[in-house]
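One structure below.
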Amino acid sequence: MSDFVIETNNLTKQYGEQKSVANLSIHVKKGRIYGLLGRNGAGKTTTMKMLLGLTSPTSGEVRIFGKNMHTNEKKILSRIGNLIESPSFYPNLTGTENLKIMARLRGVPGSNAIKKALDVVGLPYKDKKLFSQYSLGMKQRLGIANAILHDPELLILDEPINGLDPIGIVEVRDFIKRLSTEQGKTILISSHILSEMALLADDIGIIDHGVLLEEESLSELEKKNSRYVHFIVTDTSQASRILETEFHTSNFHIDDDYNLRLYDTEIEVAAITRKWIESGLNISEAHTQNDTLEDYFKHVTGGEGIA
Ligand SMILES: Nc1ncnc2c1ncn2[C@@H]1O[C@H](COP(=O)(O)OP(=O)(O)O)[C@@H](O)[C@H]1O
Ligand SMILES: [Mg+2]
C-alpha cells in the first residue's frame, strides 16, 4: 500500500480541444498540508473536482486512502470534507440552523459536532445572525465548518482564503494550521497566492496550464532559492567575457549594460573584481543575494510568476 492519502496517476481532463489538466500525478502525504499553487485557469479547481468525483477524468487514476476512487467512491467520500464551490446555505436561516440541516443530510448525529465545527472556525454557536447578513469571511468560515462537520480525515479546500480581508486571512490560516497540527488532518488546499502558500503549506505542487511543474516540500523549495552575487559594473559584456575566459563559467545572467548576476558562487568575488579592474572596468557594487521564492516561481513557470 502506498503512503499517500491522495495519489493521482496521469490524471487528465480534456474539454474539447483543451486539456485543462494534463497527466497530473500528485502525491499528498498523511498529516501534511499540500498547497496546489497556480494562476487562475491553471487547473486547480478541475483537479479537485476530479478528486471528489464531481467531474470524471478523461483519463488517469485517482487513489485516495490507498484505494481507487472510482470503485470506492462512497466509502472514500465519507472520509473527506471539502469546500469547492460555496455550498448552498439558506439565506433566511442562521449559521447554526444551516449546519443542522447539513448535519442531518449527512447523518451526523447531535449538536455537539456543530458546536465543535463552529468553534474551530471561530463562529458563535446559536448566533441570531442570518446567513444573508454574513460577511464574505463569515460565509467562508461557515463553508469550512460545514466541511469539517463529520470530522473527516482529509480536507480539500479550493482557495479558502479568496476574498477574505487581511485579518480574516490570518485567522483562517491559523485554524487550517491547527486542524493539521492538533488534529492530524491531511489538507489539500489550492491558491494562486504564492506568499500565502509559503506561510501555510508543508508541500507544494506548482501547476501551470494543467501541468504539474514541481512537487516539493516547502523547505526543499526554499533551499533551491539560488544564491548569487549581484555586480554593478561599467560594461557587462566585457565583464561576462572575462568570466568566461578567465574563470571558465557561464553560470551568470546579464540583466542590462550595468547589472550582472553571477550564480557561480564558488569563485572568489575579490579575484573577479581584481581581474575586471585590471581590464579597465569599474565596479560600483558586489554583494551576495538570494533569489526570492517569487523569482523562483517566475523561473519555473517561465513567465510573469504568481502574485
Ligand atoms: N466545464 C468546463 N468546460 C470547459 N472548460 C472548462 C470547464 N471548467 C474549467 N474549464 C477550463 O479549464 C481550465 C482550468 O480551469 P480551473 O480548473 O477552473 O482553473 P483554476 O481553478 O486553477 O483557476 C480553464 O481554462 C477553464 O476555462
Ligand atoms: Mg479555481
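- Neither L136 nor L123 shares a network with the other; the hydrophobic side chains, linked directly or stepwise wherever heavy atoms of I, L, V, M, F, W or Y lie under 4.5 Å apart, form separate groups for each.
- Atoms CG and CG, on L157 and N162 in that order, are 12.5 Å from each other to the nearest 0.5 Å.
- When atom types are taken as modelled, the side chain of T186 and the backbone of K30 share no donor-acceptor pair closer than 3.5 angstrom.
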Between E215 and I26, does a side chain to side chain contact (heavy atoms under 4.5 Å, CB included) hold up when you go through it step by step? CA-CA 7 Å; E215 187 179 60; I26 61 167; 3.5 Å; yes

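- In this structure, V62 and L11 have side chains that are in contact, with non-hydrogen atoms separated by less than 4.5 Å.
- The closest side-chain heavy-atom distance from N23 to V211 is not below 4.5 Å.
- Between T236 atom OG1 and Q238 atom CD the span is 10.0 Å, to the nearest 0.5 Å.
- Annotation: side chain of L142 is in contact with side chain of L99 (closest heavy-atom distance under 4.5 Å).
- Side chains of E97 and Y90: a donor-acceptor N/O pair is absent below 3.5 angstrom, by distance only.
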Dump the intermediate steps for side chain to side chain contact (heavy atoms under 4.5 Å, CB included) on I80 and L155, then the final yes or no. CA-CA 6 Å; I80 307 178; L155 279 168; over 6 Å; no

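- No single ILVMFWY cluster, assembled from side-chain heavy atoms under 4.5 Å apart, contains both L93 and L130.
- Taking every heavy atom of both residues into account, A113 and V108 meet most closely at CB-CG1, 3.7 Å.
- Judged as a side-chain contact (heavy atoms from CB on, under 4.5 Å), and not counting sequence neighbours, the contacts of T55 are K13, Y15, K49, M50.
- Within the model, atoms NE2 of H287 and NE2 of H230 stand 6.0 Å from one another, a figure rounded to the nearest 0.5 Å.
- Evaluation of the salt bridge (Lys or Arg N to Asp or Glu O under 4.0 Å) test over residues 125-141, restricted to residues two or more places apart or in two chains, returns R141-E171.
- Salt bridge present: D151 and K185 bring a charged side-chain N and a carboxylate O closer than 4.0 Å.
- In this pair, Y263 and Y228 present their aromatic rings tilted. The plane angle is within the 30 to 60° band.
- Of all the heavy atoms in A103 and I114, the pair that sits closest is CB-CD1, 4.3 Å.
- Contact between H150 and S78 at its shortest, heavy atoms only, is CD2-O, 3.2 Å.
- With a 4.5 Å cut-off on side-chain heavy atoms, R173 and L199 count as touching.
- Residues satisfying the salt bridge (charged side-chain N to carboxylate O under 4.0 Å, His left out) test with E285, not counting sequence neighbours, are none.
- For S180 against G31, the heavy-atom pair with the smallest separation is OG-O, 3.6 Å.
- Atom-to-atom distance recorded for T47:OG1 and L24:CG is 5.0 Å, nearest 0.5 angstrom.
- Within the 3.5 Å criterion, the main-chain N or O of K177 finds no donor-acceptor partner in the side chain of E182.
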Run the numbers on R241 and D235 for salt bridge (Lys or Arg N to Asp or Glu O under 4.0 Å), then give the verdict. CA-CA 10 Å; R241 272 196 300 278; D235 179 353; 5.2 Å; no

When you look at L37 and L194, which way does the side chain to side chain contact (heavy atoms under 4.5 Å, CB included) test go after all the steps? CA-CA 7 Å; L37 175 68; L194 165 64; 3.7 Å; yes

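- Two residues are said to be in side-chain contact when any heavy atoms from C-beta on lie closer than 4.5 Å; P152 and L154 fail this criterion.
- In this structure, K67 has no salt bridge (charged side-chain N to carboxylate O under 4.0 Å, His left out) partners at least two apart in sequence or on a different chain.
- In this structure a side-chain-to-backbone donor-acceptor pair under 3.5 Å is missing from N72 to K75.
- V170 and L200 are not part of a single hydrophobic cluster, where members link through side-chain heavy atoms under 4.5 Å apart.
- Side chains of S219 and S217: a donor-acceptor N/O pair is present below 3.5 angstrom, by distance only.
- Closest approach of P160 and L83 over heavy atoms only: CB-CD2, 4.5 Å.
- The minimum heavy-atom distance between A145 and A117, with the atom names listed, is O-CB, 3.6 Å.
- Side chains of N146 and R106: a donor on one and an acceptor on the other come within 3.5 Å.
- A side-chain N or O of T45 and one of D158 form a donor-acceptor pair less than 3.5 Å apart.
- In this model, a donor atom of one side chain and an acceptor atom of the other lie less than 3.5 Å apart for E61 and N68.
- Of the possible donor and acceptor atoms, one in the side chain of T234 sits under 3.5 Å from a partner among the backbone N and O of N282.
- A heavy-atom distance below 4.5 Å is found between the side chains of D208 and R39.
- Put simply, CD on E159 and CG on L36 are 9.5 Å apart, with the number rounded to the nearest 0.5 Å.
- The 12-atom threshold is exceeded at NE2 of H27, counting heavy atoms of other residues, nucleotides or ligands nearer than 6.0 Å.
- Residues I33 and D203 have side chains not in contact (no heavy-atom distance under 4.5 Å, counting atoms from C-beta outward).
- Other residues, nucleotides and ligands place no more than 12 heavy atoms under 6.0 Å from the CD1 atom of I167.
- At distances below 3.5 Å, not a single donor-acceptor pair connects side-chain atoms of H209 with backbone N or O atoms of G41.
- The closest donor-acceptor contact from the side chain of D119 to the backbone of K115 lies at 3.5 Å or more, if one exists at all.
- At distances below 3.5 Å, at least one donor-acceptor pair connects side-chain atoms of Q14 with backbone N or O atoms of G16.
- The list of ring pair (Phe, Tyr, Trp, His ring centres under 6.0 Å) pairs with a residue in residues 93-146, not counting sequence neighbours, reads F89-F131, F131-Y134.
- S191 is listed as a side-chain neighbour of M197, based on a closest heavy-atom distance under 4.5 Å.
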CA sep, side-chain torsions, deciding dist, call: D3, K29, salt bridge (Lys or Arg N to Asp or Glu O under 4.0 Å): CA-CA 7 Å; D3 299 332; K29 294 180 202 135; over 6 Å; no

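- Atom CD of E278 sits in a crowded spot, with more than 12 heavy atoms from other residues, nucleotides or ligands closer than 6.0 Å.
- With rounding to the nearest 0.5 Å, the separation of CD1 in I6 from CE in M69 is 10.0 Å.
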Please report the C-alpha distance between V5 and F65 in whole Å, then the side-chain angles of each, then the deciding distance to 0.1 Å, and finally whether the side chain to side chain contact (heavy atoms under 4.5 Å, CB included) criterion is met. CA-CA 5 Å; V5 170; F65 305 124; 3.8 Å; yes

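- Counting side-chain heavy-atom gaps under 4.5 Å among Ile, Leu, Val, Met, Phe, Trp and Tyr, the cluster of I283 also holds V229, F231, V233, I242, L243, F247, F252, I254, L260, L262, I267, V269, I272, W276, I277, L281.
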